[in-house]
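Computed from a prediction, not measured in an experiment: that's the story for all the values here.
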Amino acid sequence: MNVASLPSPFPPGLRRIGVFAPAGRPDPQRLALGLSCLRAWGVEPVVPPLGAPERFFSAPDRQRSAALNALIQDASIDGLMAIQGGYG
């Protein structure tokens, strides 16, 4: 089943969604697939740069928290979505 062919799970007013990596570094292919699904559902994903990974984290603590705070403070962002969970 093609997930992008399903009806959008988002409310009609949600246009831009901030996508962030709070813990582990996402697999690039899975991230690309997820972002394409969001676009197919009419949502524009906003992904801050991930930067250099630190051990098994997507980036150092300060960089991850700065990316999330930037999305929170951006008035054009309608919602937030974590790329993946995990340790950290």
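- Side-chain contact check for Phe10 versus Leu38: some heavy-atom pair is nearer than 4.5 Å.
- When all heavy atoms of Ser58 and Gly24 are compared, the closest pair comes out as CB-O, 3.6 Å.
- A cation-pi geometry, defined here as NZ or CZ lying under 6.0 Å from the six-membered ring centre and within 45° of its normal, holds between Arg64 and Phe57.
- Using a 4.5 Å cut-off on side-chain heavy atoms (C-beta onward), Leu68 and Ile72 make contact.
- Judged by distance alone, the side chain of Arg15 and the main-chain N or O of Pro12 form a donor-acceptor pair under 3.5 Å.
- Taking Glu44 as the reference, Arg16 meet the salt bridge (Lys or Arg N to Asp or Glu O under 4.0 Å) condition, with sequence neighbours excluded.
- Among pairs with a residue in residues 66-83, none fulfils salt bridge (Lys or Arg N to Asp or Glu O under 4.0 Å), at least two apart in sequence or across chains.
- Note that the CD1 atom of Ile83 and the CZ atom of Arg25 stand 9.0 Å from one another [nearest 0.5 Å].
- The hydrophobic clustering, which links ILVMFWY residues whose side-chain heavy atoms are closer than 4.5 Å, places Ile77 and Val43 apart.
- Linking ILVMFWY side-chain heavy atoms closer than 4.5 Å, directly or via other members, places Phe20 and Leu35 in two distinct hydrophobic clusters.
- Among Leu80, Val19, Leu71, the one residue that satisfies the side-chain contact (heavy atoms from CB on, under 4.5 Å) test with Val46 is Leu71.
- Distance check: Trp41 CH2 to Leu14 CG gives 12.0 Å after rounding to the nearest 0.5 Å.
- Taking all atoms of both residues into account, the shortest heavy-atom contact from Ala52 to Pro60 is O-CD, 3.6 Å.
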